[in-house]
Amino acid sequence: MGKLEVMNHPLIQHKLTIIRNKDCGTREFREVVNEIARLLAFEAARELPVEDVTIETPMGKTTSKQLAGKKLAVVPILRAGLGMVDGMLDLIPAAKVGHIGMFRDEETFEPHEYFVKLPSDIDQRQIFMVDPMLATGGSAIMAIDAIKKRGANPKNIKFICLVAAPEGVKALQAAHPDVDIIAAALDDHLEDGYIFPGLGDAGDRLFGTK
Ligand SMILES: O=P(O)(O)OC[C@H]1O[C@H](OP(=O)(O)OP(=O)(O)O)[C@H](O)[C@@H]1O
Ligand SMILES: O=c1cc[nH]c(=O)[nH]1
Ligand SMILES: [Mg+2]
């Protein structure tokens with residue numbers, strides 16, 4: 001079973017409160033989503049491998065740690081996942097970026113895939129898949145199916161979101177038990193396919209489409 005990590009950090013809780021508020025405008029919503037993504041990237045990078053390197057400080061020779069150079073990829077689920085990409089890249093600027101286009105049917109909430117473009121060496125990369133919302137879990141499950149089908153190593157995939165519903169966590173863990181989930185918050189339940197209390201439609205709020 002994949003791990004679920006919920007980030008109960010005060011900075012994250014404070015920023016989430018800002019974007020949950022229905023009066024938060026597009027510009028601030030976008031900025032704060034990226035700020036939270038940056039904080040989540042910090043946590044997501046916790047298990048990156050490091051290696052010893054010998055350096056000289058002004059005081060003399062020592063052995064110190066550096067990143068071992070594992071290849072990384074950030075993979076947003078379009079559209080709303082795009083809102084988290086810059087924040088992730090602030091911390092891991094050398095990562096490649098893949099895209100998976102996915103939309104939910106407004107009545108059935110079934111996901112539909114409309115675009116997939118990944119780095120050609122995705123099989124060798126640690127993948128951080130990003131999407132602000134994990135609701136029924138359908139979009140995340142299908143997006144992970146898509147990257148596994150194209151060679152991604154299941155052990156190298158982490159799913160990173162802002163708000164998760166218990167229903168989505170359960171479905172994602174059942175479908176992809178090898179994928180760890182990092183969420184800024186675990187909310188109460190789903191109401192008509194939307195997370196309660198949640199923050200509404202993340203894509204529409206990020207791009208001002210409603
Ligand atoms: O867990 P699920 O029930 O699948 O719901 C979550 C999905 O819904 C939203 O995307 P949406 O379909 O609204 O597309 P958008 O990002 O283009 O707005 C969200 O960004 C997730 O991708
Ligand atoms: O609450 C939700 C559920 C799915 N997609 C969103 O953008 N918000
Ligand atoms: Mg949407």
Side-chain angles (χ1 to χ4, degrees), residues 2 4 6 12 15-26 28-34 36-37 40 73-88 97-118 127-148 152 157-177 179-210:
L4 166 68
V6 181
I12 292 185
K15 290 178 192 299
L16 264 178
T17 300
I18 295 172
I19 57 171
R20 283 183 192 277
N21 190 326
K22 67 179 174 48
D23 295 327
C24 174
T26 304
E28 189 179 23
F29 191 90
R30 233 179 250 151
E31 279 172 11
V32 177
V33 165
N34 265 316
I36 300 173
L40 295 175
V74 177
V75 178
I77 302 180
L78 310 182
R79 289 174 301 163
L82 288 174
M84 297 173 70
V85 172
D86 288 347
M88 296 290 297
V97 180
H99 295 86
I100 301 193
M102 203 73 78
F103 71 89
R104 294 197 312 172
D105 182 290
E106 285 184 6
E107 266 145 38
T108 65
F109 307 120
E110 285 296 312
H112 295 273
E113 181 186 302
Y114 59 87
F115 185 76
V116 180
K117 184 75 183 172
L118 300 171
I127 298 164
F128 298 126
M129 180 175 278
V130 295
D131 189 330
M133 310 307 278
L134 178 63
T136 66
S139 305
I141 291 168
M142 194 178 266
I144 294 170
D145 283 338
I147 57 172
K148 284 188 178 174
I157 305 169
K158 283 187 194 293
F159 183 82
I160 301 164
C161 61
L162 301 190
V163 185
E167 294 91 330
V169 170
K170 198 168 157 207
L172 180 52
Q173 286 178 327
H176 295 293
V179 172
D180 289 341
I181 304 168
I182 299 177
L186 179 64
D187 273 13
D188 204 56
H189 63 279
L190 287 182
E191 252 177 51
D192 296 330
Y194 278 79
I195 301 174
F196 186 88
L199 47 76
D201 188 304
D204 284 337
R205 296 199 64 193
L206 271 167
F207 298 111
T209 41
K210 224 170 219 170

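By convention here, the first residue in the shown sequence is residue 1. Counting convention: from 1, in listed order, for ligands and their atoms alike.
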Original post:
Tell me, which protein residue and heavy-atom name are nearest atom 6 (C) of ligand 1, and how many Å apart are they?
Top reply: Met133 O, 3.5 Å
For residues 128-142, run the donor-acceptor check on the side chains, cut-off 3.5 Å, and write out each pair with its distance to 0.1 Å, sequence neighbours left out.
residue : atom : partner : partner atom : Å
Asp131  : OD1  : Met133  : N            : 3.2
Thr136  : OG1  : Gly138  : N            : 3.1

Original post:
Would you call Gly137 a ligand 1 contact, heavy-atom distance under 4.0 Å?
Top reply: yes
Original post:
Which protein non-hydrogen atom lies closest to atom 12 (O) of ligand 1, naming both residue and atom, and how far is it?
Top reply: Arg104 N, 2.8 Å
Anything under 3.5 Å between an N or O on ligand 2 and a protein N or O? List each pair with its distance, or write none.
residue  : atom  : partner : partner atom : Å
ligand 2 : 1 (O) : Ile195  : N            : 2.8
ligand 2 : 7 (O) : Ala202  : N            : 2.8
ligand 2 : 8 (N) : Gly200  : O            : 2.8

Original post:
What protein heavy atom sits nearest atom 22 (O) of ligand 1, and how far away is it?
Top reply: Asp131 OD2, 2.4 Å
Original post:
Tell me, which protein residue and heavy-atom name are nearest atom 13 (O) of ligand 1, and how many Å apart are they?
Top reply: Asp201 OD2, 3.8 Å
Original post:
Which heavy-atom pair separates Ala164 from Val169 by the least distance, and what is that distance?
Top reply: CB-CG2, 3.8 Å
**OP:** Starting at CG of Leu16, measure out to CG of Leu199 and round the result to the nearest 0.5 Å.
**Re:** 7.5 Å
Subject >> Sub-4.0 Å atoms of ligand 1 with respect to non-hydrogen atoms of Gly203 >> reply: 18 (O)
Original post:
Name of the Asp201 N, O or S atom nearest the Mg ion (ligand 3)?
Top reply: OD1
**OP:** For ligand 1, find out whether one of its N or O atoms is nearer than 3.5 Å to an N or O atom of Ile77.
**Re:** no
Subject >> Arg20 (side chain) donor-acceptor with Pro197 (main chain) under 3.5 angstrom >> reply: no
Anything under 3.5 Å between a donor and an acceptor, one on a side chain of residues 76-83, the other on a protein residue two or more places apart or in another chain? List them.
residue : atom : partner : partner atom : Å
Arg79   : NH1  : Thr209  : OG1          : 3.1
Arg79   : NH2  : Asp204  : OD1          : 3.2

Original post:
Which residue owns the protein heavy atom closest to atom 14 (O) of ligand 1, what's the atom, and how far is it?
Top reply: Met102 O, 3.8 Å
Subject >> atom 10 (O) of ligand 1: any protein heavy atom closer than 4.0 Å >> reply: no
**OP:** Provide the number and element of each atom of ligand 1 under 4.0 Å from a heavy atom of Ala80.
**Re:** 16 (O), 20 (O)
Original post:
Would you say Asp204 reaches the Mg ion (ligand 3) with an N/O/S atom under 2.8 Å?
Top reply: no
**OP:** Would you mind checking which non-hydrogen protein atom is closest to atom 18 (O) of ligand 1, with the distance to 0.1 Å?
**Re:** Arg79 NH2, 2.9 Å
**OP:** Pick whichever of Val130, Leu82, Asp105, Thr136 has a heavy atom sitting closest to atom 3 (O) of ligand 1.
**Re:** Thr136
Subject >> Short side-chain to backbone donor-acceptor contact, Glu113 and Ala146, under 3.5 Å >> reply: no
**OP:** Nearest 0.5 Å please: distance from the CG atom of Asp145 over to the NE2 atom of His176.
**Re:** 4.0 Å
Original post:
Short list, please: which atoms of ligand 1 are under 4.0 Å from a heavy atom of Phe103?
Top reply: 12 (O)
Original post:
Under a heavy-atom criterion of less than 4.0 Å, does Phe109 contact ligand 1?
Top reply: no
Subject >> CG on Asp192 to CD on Glu106, rounded to 0.5 Å >> reply: 13.0 Å
Subject >> Nearest-neighbour protein heavy atom for atom 7 (C) of ligand 1, which is reported as residue plus atom name and distance >> reply: Ser139 OG, 3.5 Å
**OP:** Say whether, by atom type as modelled, one donor and one acceptor occur between the side chain of Arg30 and the main chain of Leu206 under 3.5 angstrom.
**Re:** yes
Original post:
Hey, what do you get for CD1 (Ile182) to CG (Leu162), rounding to the nearest 0.5 Å?
Top reply: 12.0 Å
**OP:** Take Met88 and Ile160, measure what side chain to side chain contact (heavy atoms under 4.5 Å, CB included) needs, and give me the verdict at the end.
**Re:** CA-CA 10 Å; Met88 296 290 297; Ile160 301 164; 3.9 Å; yes
Original post:
Within the structure, does Pro132 bring an N/O atom to less than 3.5 angstrom of an N/O atom in ligand 1?
Top reply: no
Original post:
Ile195 and Leu190: side chain to side chain contact (heavy atoms under 4.5 Å, CB included), yes or no, with the steps?
Top reply: CA-CA 5 Å; Ile195 301 174; Leu190 287 182; 3.9 Å; yes
Original post:
How long is the span from the CD1 atom in Ile127 to the CD1 atom in Ile157, to the nearest 0.5 Å?
Top reply: 5.0 Å
Original post:
Taking only residues two or more places apart in sequence, or in another chain, which ones meet His189 in a ring pair (Phe, Tyr, Trp, His ring centres under 6.0 Å)?
Top reply: Phe196
**OP:** Classify the angle between the aromatic ring planes of Tyr194 and Phe109 as parallel (below 30°), tilted (30 to 60°) or perpendicular (above 60°).
**Re:** perpendicular
